[in-house]
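Just so we're clear, the structure is a prediction, and the values are computed from it rather than from any experiment.
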Amino acid sequence: MEKLDAASLLWPTEISKNEYRDTIRIADQTIADLGLERIFQELCCNHKYYNDTKKLLLNLCDDPDVIRYRLDILDDFLHIPELAAQFENVLPIMHKLDIHHRSKVITGAELLRKIAWQLEALEVYVHCAAAVKSLSTRFRQEVKSAGLRRLFAFIEHITEDDGYRSLAATLPDYRRKLQGMSSVTIGINLDNELKPAEAIILSLDAKPFKNRKSSLLSSLLGMKSVEEPYEGISPFQNIVKLNHSALDTALLKSLEDVFNDALLPIGNAIKRYIDVNIPAITNLEAEIGYFVGASKFYNLLSAAGLAVCKPDIAPAEDRICRIRNMIDVILAVGLTRQHPGLHLNNSIVANDIDFGPDGRVYILTGPNQGGKTTYTRAIGVAQVLFQAGLFVPGSQAAMSPTDGLYTHFSEEEKPNIDNGRLGEESKRLHDIFMSATRHSLVLLNESLSSTSSRDSLYLARDVVKGFKVLGCRAVYATHLLELAAGADRINEELPGENKVISMVAGVERESDSADRPGLKAKRTYKVKPGPPNEISFAKDIAHLYGISFDQIVLTLKDRSAIDR
């Protein structure tokens, strides 16, 4: 049989698979900062694929050929009706085959049960190959991706091979023989002392032996019934309760050889063929599960009226990320799960991201709960999805792969931190600069906020300048308006292509109610380039909770705590 390399839906070559086999490029802290655990779970059509799915995303694969290979396959899954559902129907068969193949024998089981188990594994293999072959017949004219074409070519090669056809044709007969076998005839030679010395299997029979109907003397004298071949001359003995002797062991080994060589005469070549092709099919289970889960995930978003797109792959050296109408997919999934059937296109604000020559380091300012964290997180999640070969949330995208994704999101001080919160933040930022390259993506959220504004500004400016010199893509979400206002000054101090720009999470003034003339701040959640906006929600929040000076005085007077 001509050898054909096994198909994979994740790796176009064995070299690429081996390169990323043990690669993990996303740290646990980044998983927590970006909320990636939710993505891992949403992408799994079955929890048994969780570990494989998680590892693929944590690979942060930066090979454009691998990314393109997967994107094309997912494109087929999303655009060919019923493809994902039909593949999902095959997954239980593949899983059953994998169980049989991994458990080649049943520990402690009787010989015949072991043989039956191996025979069933072959039957499941034939069934599984036939099921995938039916998908090939149905969809091979529609698929465009190299990965699915490769899979269908592989399965056609297997099922058209003479060895497979012979196996498929003869397995039912082997099954009938095994199920119909009721007894074994054994011949035993005795030594001079009439002790068993040698034994041999004479035949495998369909009829069971029976207890003797006549006396032992009659049998010895030749007075036997018409069912002589199947009547014993002594009572049955329960061999389960007997200790196995060396003779018993030899007989069981002979019986095993009979079955291996006579009952299933498929030959060494076919055995090797099965050993190669069963793993080749079972290895596809998690890969198919990956795309089935991804299809369900994106169909969920699309049903909610949210745009997802197949991103264009830009060279790594371009260091770009351009997404139109990007949304925070974690926020979107959360709302979709809470409100099934709700159309979210008008409920979630979409934003653009445009890392490139006009700006690769963003200083993002805006009020509390104005969308800074959401925007920063959305960029990181989109990058992870892209490099896992998945679509990104947005209407259009072009992205360069990164070689590392680093985050620093502010968190409450922990009592076990020796150097305090500022020391811990400084250490984490140092670690980032020890690892990041010009092709990396760094996301900071309220970093260095644990000290005074003056000290925080001093430290933050140096960090931003470090990003500019390094050449990486970065977002620094912060309340330091002076930092954003000084973006042009940083560009003047450090000329170069990696421009620092100020981004603003939108706030606008709107007319107040009739009983409160004037203007109040309103969140728009739109993030755009521009100078920092000093409009805040402090006045509105104070009024909401009754802590403006006028309200405080009124409260104290009502309590008679001060004179009216």
Given 3.5 Å as the limit, does a donor-acceptor pair link the side chain of Y164 with the main chain of V126, or not?
yes
Look at the side chain of K296 and the backbone N and O of E42, then say whether any donor-acceptor pair between them is shorter than 3.5 Å.
no
Using every non-hydrogen atom in the two residues, find where G394 and I323 come nearest and quote the distance to one decimal.
CA-CG2, 4.3 Å
Taking the side chain from E287 and the backbone from S8, do they hold a donor-acceptor pair closer than 3.5 Å?
no
So, applying ring pair (Phe, Tyr, Trp, His ring centres under 6.0 Å) with F87, which one of F139, Y290, F77, F291 is it?
F77
Is the backbone N or O of A6 less than 3.5 Å from a side-chain atom of R150, with the two atoms forming a donor-acceptor pair by type?
yes
Sub-3.5 Å donor-acceptor pair from the side chain of R319 to the main-chain atoms of H439, do we have one?
no
Flag side-chain contact, heavy atom, 4.5 Å: W11 against R21
no
Among residues at least two apart in sequence or on other chains, which ones pass side chain to side chain donor-acceptor pair (under 3.5 Å) with Y298?
none
Pairs in or reaching into residues 395-405: which pass salt bridge (charged side-chain N to carboxylate O under 4.0 Å, His left out), with residues at least two apart or in two chains?
none
Is there a donor-acceptor pair closer than 3.5 Å between any side-chain N or O of R38 and the backbone N or O of I330?
no
Is it the case that more than 12 heavy atoms not belonging to L190 sit under 6.0 Å from its CG atom?
yes
Ignoring hydrogens and angles, tell me if any N or O in the side chain of S166 forms a donor-acceptor pair with the backbone of D162 under 3.5 Å.
no
Does the salt bridge (Lys or Arg N to Asp or Glu O under 4.0 Å) test come out yes or no for R68 and D65, once each step is laid out?
CA-CA 5 Å; R68 184 177 297 106; D65 292 334; 3.4 Å; yes
Residues two or more places apart in sequence or in another chain: which of them pass side chain to side chain donor-acceptor pair (under 3.5 Å) with H79?
D75
For E156, does the CD atom have more than 12 heavy-atom neighbours from other residues, nucleotides or ligands under 6.0 Å away?
yes
In terms of heavy-atom contacts, does NZ of K144 have more than 12 from other residues, nucleotides or ligands at under 6.0 Å?
no
Verify, without hydrogens or angle tests, whether D76 (side chain) and S145 (backbone) share a donor-acceptor contact under 3.5 angstrom.
yes
Kindly say whether V132 contributes a backbone atom to a donor-acceptor pair with the side chain of S136 at under 3.5 angstrom?
no
Sequence neighbours excluded, which residues qualify as side chain to side chain donor-acceptor pair (under 3.5 Å) partners of N346?
none
Which pairs count as side chain to side chain donor-acceptor pair (under 3.5 Å) when at least one residue sits in residues 377-395, sequence neighbours excluded?
N325-S395, D328-R377, Q383-Q387, Q387-T402
State whether the side chain of N59 and the backbone N or O of C61 hold a donor-acceptor pair below 3.5 Å, judged by distance alone.
no
Working to the nearest 0.5 Å, report the span between CG of L390 and CG of L78.
9.5 Å
N445 and side chain to side chain donor-acceptor pair (under 3.5 Å): which partner among T373, T407, T376?
T373
For N299, enumerate each residue passing the side chain to side chain donor-acceptor pair (under 3.5 Å) test, keeping only those at least two apart in sequence or located in another chain.
none
